[in-house]
Structures are given as structure tokens and as C-alpha cells.
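First the proteins, then the strands, lettered A, B, ... as listed; each starts at 1.
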Amino acid sequence: MPELPEVETTVRGLRPVLEGQTLTSVEPRRADLRFAFPADLRQRLTGARVTGLGRRAKYGLIATDRGDTMIFHLGMSGRWRLDPSDIGKHDHLLLETGEGRRLSLNDPRRFGSVDLFPTEKLVDYPAFVAMGPEPLGPEFTPAYLARALEGRTAPIKALLLDQRVVAGLGNIYVCEALHMAGISPTRAGGRIATKRLEALVPAIRAVLEAAIEAGGSTLRDYARPDGELGYFAKQWRVYGREGEPCLCGQTVKRRVDSGRSTFFCARCQR
DNA sequence: CAGATCCTGTCT
DNA sequence: AGACAGGATCTG
């Protein structure tokens with residue numbers, strides 16, 4: 001679920017439900033996820049009106065007229081459920097709006113998080129301070145990336161997963177973008193030819209945009225009562241395809257680096 | 001840098 | 001029983 005495109009489609013799905021609405025009920029059902037909820041979460045949000053929704057990297061942002069922004073992260077297994085018909089043990093935070101819509105933050109693995117921070121100081125939110133540019137934003141250019149990777153000996157895959165280099169990429173889209181750009185995941189970041197770097201930036205954009213577009217089509221399901229945000233169609237070229245043929249005919253390989261699977265084609269990627 | 005860690009669920 | 005999972009952060 002939650003890399004940048006999934007968070008983006010989640011925010012887009014939440015927007016029509018929450019924007020302009022008063023939060024009539026805010027009910028944490030446990031004290032923490034990855035870290036503690038703000039102790040006064042309920043008090044600070046109940047009665048507040050949602051003024052807007054946004055996203056920074058993989059974080060969703062829900063701004064209110066109280067000067068606070070609720071910052072949520074979906075971790076590995078988080079999702080928002082809309083008008084759930086039942087509340088289970090993994091529904092950790094319940095919201096209700098003035099219109100009577102109900103939302104539940106469901107997260108079995110509890111790697112997600114919920115926090116509050118002053119809206120005007122959002123750039124100072126600890127997780128945002130050292131973050132790199134948005135991969136879909138104007139700052140993310142081949143020139144920027146060349147500079148960020150200059151002299152780096154770490155594998156390009158690890159560097160693209162580093163949110164300080166570029167913020168929002170996860171395991172799936174890094175594998176896909178590297179395949180699209182023809183770059184080996186193990187190549188040292190500082191040793192990528194300019195021409196390949198110039199292919200990598202648009203590849204990252206294209207992969208994310210396609211996923212957002214595909215995710216958008218699940219919004220219909222999302223908006224359905226008791227619906228859930230589904231996975232977008234698995235149109236991946238290498239991710240999860242170990243042993244299957246690449247488009248070139250070569251078999252897709254999997255390797256494990258720092259405990260994470262990398263899928264790649266040794267013929268297409270150098 | 002790699003590795004462990006936080007959790008639960010699912011699939012071999 | 002063991003491997004593995006879309007993340008982030010801390011420790012050697």
C-alpha cells in the first residue's frame with residue numbers, strides 16, 4: 001500500500017470526505033502506533049474544522065482551523081477505512097465528521113504514526129527537516145540528482161530509498177524506476193553516466209504518475225460505503241516477478257540487500 | 001555501510 | 001516452522 005502514490009491516492013480519497021468538515025468525534029483506541037499519539041489528540045481535534053489535506057513524501061497532512069495539522073504515516077500496512085461496518089482490533093483511530101461520515105485508521109503492523117504539529121511550522125516537523133525534494137516536484141531534476149549522488153559509493157538503490165536524497169520513494173518504485181532507466185541497483189550512486197541519470201529522473205516520475213493514475217481508479221471502490229483503498233493493478237515490470245521473463249526475455253532476478261528484496265534484470269540494467 | 005528492531009498477517 | 005512483507009530509525 002503505502003509508498004508515495006498510495007499516500008497520494010489516500011489523500012485524494014479523504015479530501016472530499018474531510019475538507020470543510022468539522023470533526024465531531026475523535027477516538028484513539030490505543031495510546032500509540034510506532035510512537036505515542038499526542039496525549040491531547042482528542043481534545044485538540046474534536047470540534048476542529050478540516051481546512052485542507054496534503055501530502056509530504058509518504059506522510060498525509062490534515063490541516064485544521066485550530067492551527068494544528070494532523071500528520072499521519074501509513075507505515076507498511078496502514079490504510080484509512082471509510083464508513084467501516086465493523087471495528088476490529090486493528091482500527092486504531094476513529095474519526096467522525098459533521099456529515100456523519102466515519103473514518104478508521106487501520107494498521108495491523110502498527111508501523112504507522114499519527115502526530116500533530118503547528119501548521120505554520122510544518123517545515124520544522126522533525127521528520128521533514130532533512131528531507132530531500134518531492135520526486136514529482138520542480139526541484140527534482142537530473143542536475144539536482146547528479147549533485148546529490150556525486151562521490152557517493154553506496155548502491156543507487158539504497159540512495160534512492162534514502163528520504164534525504166529524494167523523499168517518497170519506496171522499494172517497489174525504486175526497483176521499477178531503475179529497471180525503466182536501465183540502471184543496475186548495485187551501481188555506485190556517484191558512478192552513473194549523465195545520460196542514464198537523465199533517464200532516471202523521468203523514469204521515477206513516470207512510474208509514480210502511472211501508479212497514482214492507476215490508484216485513482218480504485219478511488220471508486222474507496223468511496224463506496226464500507227469500501228477500502230485497494231491496491232492498484234500490479235503492472236510492475238520486475239517487482240515481485242522473480243523467475244518470470246523480463247520484457248527482453250531474460251529472467252528477472254531477486255537479491256536481498258540490507259534485508260530488502262531487489263528485483264532486477266541483469267541484461268537490461270547495467 | 002549492514003543489521004536489528006518495531007509488529008502482525010500470509011503464504012510455502 | 002520459517003520466510004517474507006509497500007518503512008524508518010537506531011546501533012555497531
Between atom CG in A/D91 and atom P in B/dG9, what is the gap in whole Å? 12 Å
Any side-chain N or O of A/Y239 below 4.0 angstrom from OP1/OP2 of C/dG6? yes
Picking from C/dG6, B/dC7, C/dA5, the nucleotide nearest the side-chain atoms of A/I172 would be C/dG6
Nearest-Å distance, CZ (A/F128) to P (C/dA8)? 11 Å
On DNA chain C, more 5' by nearest nucleotide between A/R260 and A/R254 is A/R254
Would you kindly give the CZ-to-P distance between A/R110 and C/dT9, to the nearest whole Å? 19 Å
Polar side chain donor-acceptor pair, A/T262 to A/D257, under 3.5 angstrom: yes
Specify the residues of residues 174-187 of chain A, ordered by number, for which at least one heavy atom lies under 4.0 angstrom from an atom of DNA chain C. none
Under 4.0 Å from OP1 or OP2 of C/dT9: is there any side-chain N or O of A/R34 that close? no
Considering all heavy atoms, the nearest A/E176-A/W236 contact: OE2-CB, 3.3 Å
Please say whether more than 12 non-hydrogen atoms of neighbouring residues, nucleotides or ligands are located less than 6.0 Å from CZ in A/R30. yes
Return yes if a side-chain donor-acceptor contact under 3.5 Å exists between A/T24 and A/T22, otherwise no. no
Pairing of A/R79 and A/D107 as salt bridge, 4.0 angstrom limit: no
Could you work out the separation of B/dC1 and C/dA5 based on their C1' atoms and round it to a whole Å? 24 Å
In this structure, how many angstroms lie between the C1' atom of B/dC7 and the CG atom of A/L74, rounded? 16 Å
Taking the six-membered ring for Trp and the full ring for Phe, Tyr or His, determine whether the centres of A/W80 and A/F72 are under 6.0 Å apart. yes
Protein-nucleotide distance (A/K89, atom NZ; B/dT8, atom C1'), rounded to Å: 8 Å
What closest approach, in Å, do A/C268 and A/C246 show between heavy atoms, and which atom pair accounts for it? SG-SG, 3.7 Å
Residues A/D91, A/R29: salt bridge by 4.0 Å N-O rule: no
note: A/F263, atom CZ; C/dA5, atom C1'; distance rounded to Å ~ 10 Å
Does anything in residues 160-171 of chain A come within less than 4.0 Å of DNA chain C? Heavy atoms only, and list the residues if so. A/Q163, A/G170, A/N171
Return the value, rounded to whole Å, for the distance between atom CG of A/D32 and atom P of C/dT9. 17 Å
Extract the stems that DNA chain C is part of, considering only consecutive pairing runs of at least three Watson-Crick or G-U wobble pairs, both distances under 3.5 Å. B:1-6 with C:7-12, B:8-12 with C:1-5
I'd like to know whether the aromatic ring centres of A/Y173 and A/Y239 sit less than 6.0 Å apart in this structure. no
Side-chain heavy atoms under 4.5 angstrom apart, residues restricted to Ile, Leu, Val, Met, Phe, Trp, Tyr: same cluster for A/Y144 and A/F128? no
Can you find a side chain N or O atom of A/S113 that sits less than 4.0 Å from OP1 or OP2 on C/dA8? no
I'd like to know if A/D162 pairs up with A/R164 as an ion pair, taking the criterion as any Lys NZ or Arg NE/NH1/NH2 lying under 4.0 Å from an Asp or Glu carboxylate oxygen. yes
So do A/V201 and A/L197 actually touch side chain to side chain, heavy atoms under 4.5 Å? no
Does C/dG7 have A/F111 stacked on its base, where the ring centres are within less than 5.5 Å and the planes differ by under 30°? yes
Along DNA chain C (nearest heavy atom to each residue), the more 5'-positioned of A/Y59 and A/R109: A/R109
Quick test of your reading of the model: are A/E8 and A/R55 salt-bridged, counting only N-O distances below 4.0 Å? yes
If only side-chain N and O atoms of A/K58 are considered, is one of them under 4.0 Å from the OP1 or OP2 phosphate oxygen of C/dA8? yes
Please report the distance, rounded to the nearest Å, between CE in A/M76 and P in C/dA8. 9 Å
Listed nucleotide nearest any side-chain atom of A/H90, set B/dA2, B/dT8, C/dG7: B/dT8
